[in-house]
Amino acid sequence: LALLALLGLLAVAMLAGPPPAAAQDGSVYFLTLKQGVMDASGSGESLFKDFAASTHGQLVGDRSVKTRTIELDIYSVSRSSAGLGIGMEMVEYDHTFVFQDSERLTLDAKGVLFTFKTFLRLGPVFPFLGIGLGNYYVNYAQDPAGISFRDSPDNVYNARVGTRVLFGRLGLLLEAGRTWAKLPVQTDIGQSTLELGGTYRNVGLSWVF
């Protein structure tokens, strides 16, 4: 249903005429809603390995989570075909991981990321590269161990690559990247490291103004 809605909006956008004058000269603003998948496998975190080596056992399923994001991008066109920009986004996910002994780990995470971007403007296509920083916080809960707390990592970094394709005032966004947000946590089996970020892929719908 979400894919059909996205295709419908893009079809409407293609009939909506050209983007505003700002998209042709000066600054370009994008408001984007994104959904994606983020996977912390291979990030170097120790928590899930420590759980697997304990009575909790292996994780049932995989390490990926589904993310939801709203982002505002401001692009300043310094030449006719290139420029710099900054993206400000709020990302969130909530997921319950289940282990072999039925231990349940619930992560309710929210983050604010700032990404500095360099981009090209190839007609209606805007490919970009970005690096940035930000902050995450997480509500951590283990059940039935009865452990819960709220915390945030000291350092959060991100890097990404992607592109937007404009159809009138609407745009389709595709991007991939990685967020680093390691957090020391105290679990029922001792001290471990939890990665709140990971490798991600996003698809989004943008409004240009």
If hydrophobic clusters are built from ILVMFWY residues whose side chains come within less than 4.5 Å, do [X] and [Y] share one?
X: Tyr137; Y: Met90; answer: no
X: Leu113; Y: Phe119; answer: no
X: Leu59; Y: Leu107; answer: yes
X: Ile147; Y: Val138; answer: yes
X: Leu170; Y: Phe209; answer: yes

Go through the structure and list residues passing ring pair (Phe, Tyr, Trp, His ring centres under 6.0 Å) with [X], not counting sequence neighbours.
X: Phe48; answer: Phe97, Phe99
X: Phe149; answer: Tyr140
X: Tyr200; answer: none

Donor on one side chain, acceptor on other, [X] and [Y], under 3.5 Å:
X: Asp188; Y: Gln142; value: yes
X: Ser76; Y: Ser27; value: no
X: Arg121; Y: Ser81; value: no

How about [X] and [Y]: do any of their side-chain heavy atoms sit closer than 4.5 Å?
X: Pro153; Y: Leu196; value: yes
X: Leu166; Y: Phe30; value: yes
X: Tyr136; Y: Val91; value: yes
X: Thr199; Y: Arg178; value: yes
X: Glu92; Y: Thr67; value: no
X: Leu173; Y: Leu205; value: no
X: Lys34; Y: Glu175; value: yes
X: Ser64; Y: Met38; value: no

Handout entry: Minimum-distance pair of heavy atoms, taken over all atoms of Ala40 and Gly197
Key = CB-O, 3.5 Å
Practice task
Check Arg68 against Lys66 and note the closest heavy-atom contact, atom names and distance.
Solution key: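 Arg68 and Lys66 have their closest heavy atoms at NH1-O, 4.1 Å.
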How far does [atom1] of [X] sit from [atom2] of [Y], to the nearest 0.5 angstrom?
X: Leu105; Y: Thr96; atom1: CG; atom2: OG1; value: 8.0 Å
X: Tyr29; Y: Ser206; atom1: OH; atom2: OG; value: 15.5 Å
X: Gln35; Y: Asn202; atom1: CD; atom2: CG; value: 9.5 Å
X: Leu31; Y: Ile70; atom1: CG; atom2: CD1; value: 5.0 Å
X: Asn158; Y: Thr179; atom1: CG; atom2: OG1; value: 5.0 Å

Exercise for the section: Take Thr187 and Phe51, measure what side chain to side chain contact (heavy atoms under 4.5 Å, CB included) needs, and give me the verdict at the end. Expected result: CA-CA 9 Å; Thr187 76; Phe51 274 24; 3.9 Å; yes
Practice task
Could you note down all residue pairs passing salt bridge (Lys or Arg N to Asp or Glu O under 4.0 Å) where residues 195-209 supplies at least one of them, sequence neighbours left out?
Solution key: Lys182-Glu195
Practice task
For residues 41-56, pull every pair meeting salt bridge (Lys or Arg N to Asp or Glu O under 4.0 Å), keeping only residues two or more places apart or in separate chains.
Solution key: Glu45-Arg63
Handout entry: Cluster companions of Tyr157 among Ile, Leu, Val, Met, Phe, Trp, Tyr (side-chain spacing under 4.5 Å)
Key = Leu133, Trp180
Problem - Members sharing Val60's hydrophobic cluster (side chains within less than 4.5 Å) - result: none
Exercise for the section: Report the residues that fulfil side chain to side chain donor-acceptor pair (under 3.5 Å) with Asp101, sequence neighbours left out, ordered by chain and then residue number. Expected result: His56
Exercise for the section: With sequence neighbours left out, write down each residue that passes side chain to side chain donor-acceptor pair (under 3.5 Å) with Ser41, or none if nothing qualifies. Expected result: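 By the side chain to side chain donor-acceptor pair (under 3.5 Å) rule, Ser41 matches Asp39.
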Under the side-chain contact (heavy atoms from CB on, under 4.5 Å) test, residues paired with [X] that sit two or more places apart:
X: Pro127; answer: Leu120, Leu122, Val125, Thr163
X: Lys117; answer: Glu71, Asp73, Tyr75, Thr115, Phe128, Arg160
X: Gln186; answer: Gln191

Practice task
For salt bridge (Lys or Arg N to Asp or Glu O under 4.0 Å), just list the numbers for Asp94 and Lys110, CA-CA rounded to whole Å, side-chain angles, deciding distance to a tenth of an Å, and then say yes or no.
Solution key: CA-CA 9 Å; Asp94 54 83; Lys110 294 178 173 61; over 6 Å; no
Exercise for the section: Check step by step if side chain to side chain contact (heavy atoms under 4.5 Å, CB included) holds for Thr193 and Leu47. Expected result: CA-CA 5 Å; Thr193 300; Leu47 186 144; over 6 Å; no
Handout entry: Intermediate values then yes/no, side chain to side chain contact (heavy atoms under 4.5 Å, CB included), Val203 and Leu172
Key = CA-CA 8 Å; Val203 61; Leu172 177 65; 4.1 Å; yes
